[in-house]
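Within every chain, numbering begins at 1; the chains are lettered A, B, ... in the order of the sequence lines, protein sequences first and strands thereafter.
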Number of protein chains: 2
Amino acid sequence: MDESAPTTQSGVPARITDVARLAGVSTATVSRVLAKPDQVAPRTRARVQEAVARLGYVPNPAARTLRSQKTRMVLVVVPDLENVFFSRILRGIEETLAAAGHGMIIADLDPASPRMEELAAFARRQVDGVILLNGRRLGTEAEGVPTIALCETIPGVSFPQIAVDNRASARRVVAHLASLGHRRIAYLAGPEGNVLEVERAAGYREGLAAAGLAFDPALVWPGDYTLASGVAAAGRLLADGARPTAVFASSDVMAIGLVGALQEAGLDVPGDVSVAGFDDIEFAAMSRPALTTIRQPRRDLGRAAAEALLARLAGRTPPALSLLETELVVRASTGPVGPRAR
Amino acid sequence: MDESAPTTQSGVPARITDVARLAGVSTATVSRVLAKPDQVAPRTRARVQEAVARLGYVPNPAARTLRSQKTRMVLVVVPDLENVFFSRILRGIEETLAAAGHGMIIADLDPASPRMEELAAFARRQVDGVILLNGRRLGTEAEGVPTIALCETIPGVSFPQIAVDNRASARRVVAHLASLGHRRIAYLAGPEGNVLEVERAAGYREGLAAAGLAFDPALVWPGDYTLASGVAAAGRLLADGARPTAVFASSDVMAIGLVGALQEAGLDVPGDVSVAGFDDIEFAAMSRPALTTIRQPRRDLGRAAAEALLARLAGRTPPALSLLETELVVRASTGPVGPRAR
DNA sequence: CATCGCCGTGTAATCGATTACAGCGAGGTT
DNA sequence: AACCTCGCTGTAATCGATTACACGGCGATG
């Protein structure tokens, strides 16, 4: 009764040798039961499984990693953890990874940070895979590590990319505005050179063309996805002799800044000007008027990236590029060309 | 020239034996140079350090963990990654941990989730410490693991807690409103039983008393920190015969919902009703009118928690409870009792 | 000049799992 | 009856670092 049999009660976690002793087998057999159960005789397997259950045995991750070179951890690199946009994506990633027994390590890193190199060294050792959300590859150290790019695609790389069709989505916004009768539609741009911006800007032009509207460079206003640039755009609009009747802001944050500034100047949205955004962040629905925008399936984006990575880790080859569906969410900030504007 | 000396170029990371061979010493010495340099003779130390640099040697974390039982990882448990409130806190934690060579693993977990038990097992093996943001302790499995509670304090535990003085902050909001001449100040509460709510509600009552105002239970409205409960509160206000002239909402999200609904009903904020919030989330400054609120030093909260944990890991004993300073941020949503209200 | 102590270093056990290889017994084949 | 195969299990090497212990050499001490 008082064998040296270890118990669940004991403070120290059970090791594989404890399980082996209790089940009367070797450690190799225990390991096999856990890894490839069908290679073990049913009776033995049952004995081992019972011992595992009795002791609450969980393999030591460090030992397992050392031997197998698998960490069961994934590194997620975000450019700005404070940006609301990422939180739901992270949740999608986390839930998917957790279900597959993988942990998520987050690095919050400006793409320009020198830590990108340092992180590469970390990645090679400490994780099985990487999900990049900041549009930049890690340093050369991380060459061999399975990687996925999410949202901000990275040109010229060989690993899978997951994103939305920014161009088509932008087209859809313009089509929506045009269908409301708007003929002068301005575009509030994102930071120059950014992949997302390039695509959305292209979609804007295509949208105009599809609606039979002329492209007017004077109606493209600079912005950088920040609130301040939205506010600045309002000044531009007010100063404009031939005001646009609608503005497509390439991010919700800018759209919200713009709307607020317009309201302060005494304009009515959408009575005087319609405004549409992009992203559908939480506050898009909460602001007044509620913002018409493009909903990105953020949680699904996260899930898809995690799944693609898991597939790669399992030896499969996910598609080089997969685009998820967006949705035009029409709320109160866009409406027919108003009487005053007409 | 073509010794078997390993080079930086080679794809495989250098091991300690490679360094030892290059420096002409044993692995024990290499390890010592890295861990306790002053126990090694200067000449030897220099040789080893050069070899380390030449090979770009970084100790294998798995091997190190296996032997030393230290993972250099910290688990952070958040109740809801989607909640804007946490992102900046996470950033504060991450930057502090990273500086100390620790990684951050995030678990996104509803406090009621059964995964809390499972996570405890994970915590015991995979991390050196835990930071809890969800007001719940992990399962019994995680007993020995150094832990810190952040923001939502946990009663009756022995580990250090970091938070703000919710009660004093709430008092300050009420004092601010009272100083503007308000005498009927309503309180929009948080979820019943929540630690934060209990404290803020107490602060509200104390604030009334300090201003010589009577406490009226009818002016305490139920809420749960969500937008919807803010909107619902607006209905209550409008239906009230003796309307309050100011409302203290115990979260910014509720305050924003309330303001929006009031505006839709044709009321002016702060002309007809002043509204103050709590937290100072990003959108508090962006909403119209910009919200008067209590700023929680979120980044500092994260930093402080990480530092306290690092201290514990280093064998020191951080204070059982430390409260960080908040700040009353007066913006446009509160003002003197308006002519209409008077 | 023998002895002691200390400093610096090396040897080897150890952390806990995975897995190649070998061994062994039962059943099938000729 | 001798031999082969196949299925199951055990032995032991291995992953890469840390560290207790031992040992050699040297200056200080009596």
#### Entry: Closest-nucleotide 5' rank along DNA chain C - winner of B:Thr27 and A:Val58
B:Thr27
Partners of [X] by side-chain contact (heavy atoms from CB on, under 4.5 Å), sequence neighbours excluded?
X	value
B:Ala123	B:Leu75, B:Val127, B:Val130, B:Leu138, B:Ala142
A:Ala163	A:Thr153, A:Leu323
A:Arg125	B:Pro13, B:Asn60, B:Pro61

How would you list, by chain and number, every residue that makes a side chain to side chain donor-acceptor pair (under 3.5 Å) with [X], sequence neighbours excluded?
X	result
B:Arg303	B:Glu95, B:Asp300
A:Gln296	A:Asp279
B:Gln161	none
A:Asp128	A:Thr71

Tell me which donor-acceptor pairs under 3.5 Å the side chains of residues 32-45 of chain B have, and how far apart each pair is, sequence neighbours excluded?
from, atom 1, to, atom 2, distance (Å)
B:Arg45, NE, B:Pro37, O, 3.1
B:Arg45, NH2, B:Val40, O, 3.2

### Task
Anything under 4.0 Å to a heavy atom of chain A counts; send over the first and last such nucleotide of DNA chain C, read 5' to 3'.
C:dG16 to C:dA20
### Message
What's the angle between the local helix axes at either end of the helix from C:dC1-D:dG30 to C:dT30-D:dA1, using five pairs per end and rounding to 10 degrees?
### Response
60°
### Query
Does anything in residues 84-93 of chain B pair up under salt bridge (charged side-chain N to carboxylate O under 4.0 Å, His left out), and if so which pairs, sequence neighbours excluded?
A:Asp80-B:Arg91, A:Glu82-B:Arg88, A:Glu82-B:Arg91, A:Asp108-B:Arg91, B:Arg88-B:Glu282
### Query
Are there more than 12 heavy atoms of other residues, nucleotides or ligands under 6.0 Å from atom CZ of B:Arg47?
yes
### Message
Go nucleotide by nucleotide along DNA chain D from the 5' end; which of B:Arg64 and A:Ser26 gets its closest nucleotide reached first?
### Response
A:Ser26
### Task
With a 4.0 Å heavy-atom cut-off, tell me which residues in residues 28-50 of chain B come close to DNA chain C, sorted by residue number.
B:Ala28, B:Thr29, B:Arg32, B:Val40, B:Ala41, B:Thr44
